[in-house]
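Numbers here are sequence positions counted from 1.
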Amino acid sequence: MSDLLRETLREVLYGPDGLSGLFSAPGDGLLRAAHALTMDDLRAAPGLAGRVMALRHALELTALRLADPHALLSDPTDPQGWQPPGAQAWRDELVNLARAGQALYDALFLPLTPAAQREAHGAVLHAAREAALLQHWRGLRPH
């Protein structure tokens, strides 16, 4: 079960290896969609940066909780309404998002209880939904 979940997360983060996947086409992963967002995009859609941060928080917390069910998130930043104050802050958030995805991937190698598996599935599906939202938004913006 964990092998399938790891492969699904990998596809959500980076896109499928083959011609198509369950959630995306090649090159349409979450990280690529998030990296394609510019500061102008984030100003045009004020809630978008906060959604990315909220997803990062969810991935980080899930990874922590798979190792320790009592773990707490250490980042006190409230994602609701968060806007990066500049390009460097956005780049830092993108790096943190990639790290959170990797942390969850690594945590999926742990022996997981059924409850932990459900929590991990929920985080992967949340990431897939947010990736689709970012890809959709990217497709709507003027080129």
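- A pairwise comparison of heavy atoms in L66 and A107 identifies CD1-CB, 3.9 Å as the closest pair.
- Between the CG atom of L37 and the CG atom of D40 there is a distance of 11.5 Å, given to the nearest 0.5 Å.
- For the atom pair R65 CZ and T62 OG1, the distance stands at 7.5 Å (nearest 0.5 Å).
- Between L5 and A120 the shortest heavy-atom distance is CD2-CB, 3.5 Å.
- Hydrophobic clustering, with ILVMFWY side chains joined whenever heavy atoms are under 4.5 angstrom apart, keeps L61 apart from L55.
- No hydrogens or angles considered: a donor-acceptor pair under 3.5 Å links the side chains of T77 and D75.
- Distance CG/L112 to CD/Q117: 5.5 Å, rounded to 0.5 Å.
- Counting all heavy atoms, side chain and backbone alike, E11 lies closest to P16 at CG-N, 3.7 Å.
- Note: the hydrophobic cluster containing L42 also contains L133 (ILVMFWY, side chain heavy atoms under 4.5 Å, direct or indirect links).
- Distance alone, capped at 3.5 Å, places no donor-acceptor pair between the R32 side chain and the Y14 backbone.
- In terms of heavy atoms, Q83 sits closest to P46 at OE1-O, 2.9 Å.
- Residue pairs that meet the ring pair (Phe, Tyr, Trp, His ring centres under 6.0 Å) test with at least one member in residues 72-106, sequence neighbours left out, are Y105-F109.
- A chain of hydrophobic side-chain contacts below 4.5 Å, direct or via other Ile, Leu, Val, Met, Phe, Trp or Tyr residues, connects L48 to M39.
- Note that NE2 of H121 and CG of L4 are 7.0 Å apart. Values are rounded to the nearest 0.5 Å.
- Under the 4.5 Å side-chain heavy-atom criterion for ILVMFWY residues, no single connected hydrophobic cluster contains both L13 and L64.
- Here the closest heavy-atom approach between residue E93 and residue M53 is recorded as OE2-CA, 3.4 Å.
- Once rounded to the nearest 0.5 Å, the distance linking CD of E7 with CG of L108 reads 11.0 Å.
- Applying the side-chain contact (heavy atoms from CB on, under 4.5 Å) criterion to A33, with sequence neighbours excluded, gives L134, Q135, R138.
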Which pairs would a plain distance check flag for residues 94-104, meaning a side-chain donor or acceptor within less than 3.5 Å of a matching protein atom at least two apart in sequence or in another chain?
unit_1, atom_1, unit_2, atom_2, d
N96, ND2, D92, O, 3.3
Q102, NE2, D106, OD1, 2.7

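- Nearest heavy atom pair, residue A128 against residue V12, reads N-CG1, 3.6 Å.
- Counting heavy atoms of neighbouring residues, nucleotides and ligands inside a 6.0 Å radius, atom CD of Q80 does not exceed 12 of them.
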